[in-house]
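Since the structure comes first, as structure tokens, the remarks are kept for the end.
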Amino acid sequence: MGRQGRAYPCPVTTTATPMSQLLDGPARPAAQQPWWPEAEALDRAAQTLASFPPIVFAGECDVLRDRLAEAAAGRAFVLQAGDCAETFAAATADNIRDRVKTILQMAAVLTYGASVPIVKVGRMAGQYAKPRSSDTETREGVTLPAYRGDMVNDFEFTGDARRPDPHRMVRAYHASTATLNLVRAFTMGGFADLRHVHDWNRGFVTSPANSAYERLARDIDKAMRFMIACGADFEKMKTTEFFAAHEALILDYERPLTRIDSRSGRLYDTSGHFVWVGERTRDLDGAHIDFIARVHNPVGVKLSTRTTPDYVEKVMDLVDPDRTPGRLTFITRMGARQIRDALPPIIEAANAAGAAVTWICDPMHGNTFESASGYKTRDFADIVEEVHGFFDVHRALGTVPGGIHVELTGNDVTECIGGAEKILDADLTKRYESVCDPRLNHRQGLELAFLVAEMLGGE
Ligand code: PEP
Ligand code: CO
């Protein structure tokens with residue numbers, strides 16, 4: 001078989017971990033897997049990963065499933081956000097802090113709009129692999145393997161750098177544990193204190209470009225003063241729940257980290273609380289859907305305009321046969337111009353099949369285009385328009401818009417055009433750092449939160 005369609009035997013784990021007994025079944029093709037050059041190095045990496053402690057615990061995954069069930073019922077709203085592709089070099093304390101800070105700021109604004117808890121989920125601590133449209137990349141007559149994320153190979157365009165190296169999965173594990181460790185410290189150690197977060201947002205609102213948000217900010221201020229006057233217990237608001245999510249793409253990474261929970265005897269992918277299957281790997285007969293069907297984590301499936309009503313029912317039957325609230329999230333990514341037509345038949349098919357899914361809007365991946373200057377970018381206006389369409393469609397059908405899924409960074413990059421800062425095509429060259437898709441910068445992320453807060457409050 002070719003690289004993309006390599007048959008992936010199940011059980012595939014090359015280690016003697018107990019779950020190898022449970023991952024049985026027919027061989028299934030796994031799309032988007034690297035072609036590891038050395039079988040021995042792969043075995044070593046898999047054994048090493050299997051010997052490491054879990055990154056997350058089963059009980060935490062169960063808590064997230066409950067939170068997602070609340071979002072499905074409209075009693076919570078999910079904010080899933082982070083890098084398109086994490087890199088080892090960018091996993092620094094400052095970057096992690098700034099990304100968490102942006103997510104906490106957005107969550108504070110959304111809480112006010114939604115008047116329900118915001119479920120905070122980072123696209124972090126595991127988002128080290130990327131699906132690619134081509135196996136190879138050619139530059140000036142030289143063809144090399146495509147960059148598949150730091151978990152697989154290096155971005156630099158040389159033969160050495162692009163050769164897939166299984167040891168990189170071990171490095172991804174360490175980078176993920178270090179990241180999550182810091183995130184846990186930030187969110188449990190006082191950094192998430194609601195009063196700080198509110199003060200950070202005040203800084204955003206006082207810039208002249210953001211006068212439109214002043215009213216909402218004043219309302220939040222008033223609510224905070226009211227709470228203080230009532231003697232609200234701010235000690236309790238110093239900590240917050242924060243979950244880690246990534247695309248379950250490289251099965252040689254996910255499988256050795258899949259463990260049996262000693263309490264329940266069930267399998268959990270302990271590489272993250274929530275894992276999703278992307279648009280390019282969601283074949284019903286493929287290894288990725290089979291994988292998420294076997295683990296007990298809350299899981300997601302991305303759905304583009306190519307999704308058929310029939311697919312929706314079948315994937316629910318495979319992944320969520322009992323229709324358990326919180327178990328399955330559909331992350332729709334239709335594009336601003338398509339969502340109003342493409343989403344309704346999908347929702348109707350899910351409803352007809354008794355869905356208990358959480359609906360989340362990814363307004364990023366259906367809105368990518370190449371700018372005149374040649375950068376892969378997204379227009380902030382399209383992103384906002386897709387979220388508008390998402391809310392309108394769900395409200396028209398009586399279903400629940402349960403959350404948003406966005407690619408962002410806490411840094412001041414110039415990768416997406418538009419927003420109150422009015423980033424132009426000519427500005428993209430100033431600070432374009434993404435090794436994959438263009439991300440919202442800190443201010444654009446916050447601006448989006450203010451706009452979504454208005455949509456949430458506008459029922
Ligand atoms: C992604 O989330 O980075 C991604 C590749 O998305 P999709 O699977 O929706 O194309
Ligand atoms: Co992306």
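When a ligand or atom number is given, it counts from 1 through the structure's own listing order.
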For the Co ion (ligand 2), find the closest N/O/S atom on Glu407 and give its atom name. OE2
Proximal atoms of ligand 1 relative to Pro131 (non-hydrogen, under 4.0 Å): 5 (C)
What atoms of ligand 1 come within less than 4.0 Å of a heavy atom belonging to Lys130? 1 (C), 3 (O), 5 (C)
The closest protein heavy-atom partner of atom 7 (P) of ligand 1 is Lys302 NZ, 3.5 Å
So does Asp269 pair up with Arg255, basic N to acidic O under 4.0 Å? no
Would a 4.5 Å heavy-atom cut-off, applied to side chains only, mark Val406 and Asp362 as touching? no
Identity and distance of the protein heavy atom lying nearest atom 10 (O) of ligand 1: Arg333 NH2, 2.8 Å
I'd like to know if Arg123 pairs up with Glu86 as an ion pair, taking the criterion as any Lys NZ or Arg NE/NH1/NH2 lying under 4.0 Å from an Asp or Glu carboxylate oxygen. no
Please determine if Glu407 has a nitrogen or oxygen closer than 3.5 Å to a nitrogen or oxygen of ligand 1. yes
Going by the atom numbers of ligand 1, which of them fall below 4.0 Å from some non-hydrogen atom of Glu279? 7 (P), 8 (O), 9 (O), 10 (O)
Answer whether the closest heavy-atom distance between the side chains of Asp379 and Phe369 falls below 4.5 Å. yes
Would Asp83 and Arg439 pass as an ion pair if we require N to O under 4.0 Å? yes
Using a 4.0 Å cutoff against the non-hydrogen atoms of Arg123, which atoms of ligand 1 qualify? 1 (C), 2 (O), 3 (O)
Quick one: does Trp276 get an N or O within less than 3.5 Å of an N or O on ligand 1? no
Does an N or O from Arg280, backbone or side chain, lie closer than 3.5 Å to an N or O of ligand 1? no
Which heavy atom of the protein is the closest neighbour of atom 1 (C) of ligand 1, given with residue, atom name and distance? His365 NE2, 3.0 Å
Restricting to N/O/S, name the atom of Asp437 that gets closest to the Co ion (ligand 2). OD2
Can you list the ligand 1 atoms lying under 4.0 Å from a non-hydrogen atom of Gly278? 8 (O)
Working note: Phe391 + Trp359, criterion ring pair (Phe, Tyr, Trp, His ring centres under 6.0 Å); need CA distance, chi angles, decisive distance, verdict. CA-CA 10 Å; Phe391 272 85; Trp359 294 98; over 10 Å; no
Ile347 and His394: which non-hydrogen atoms are nearest, and at how many Å? CD1-CE1, 3.2 Å
Would you check if the Co ion (ligand 2) lies under 2.8 Å from any N, O or S atom of Cys84? yes
Is it true that Lys314 and Asp317 have a side-chain N and a carboxylate O under 4.0 angstrom from each other? no
Would you check if Thr368 and Lys376 make a side-chain contact, meaning some heavy-atom pair closer than 4.5 Å? yes
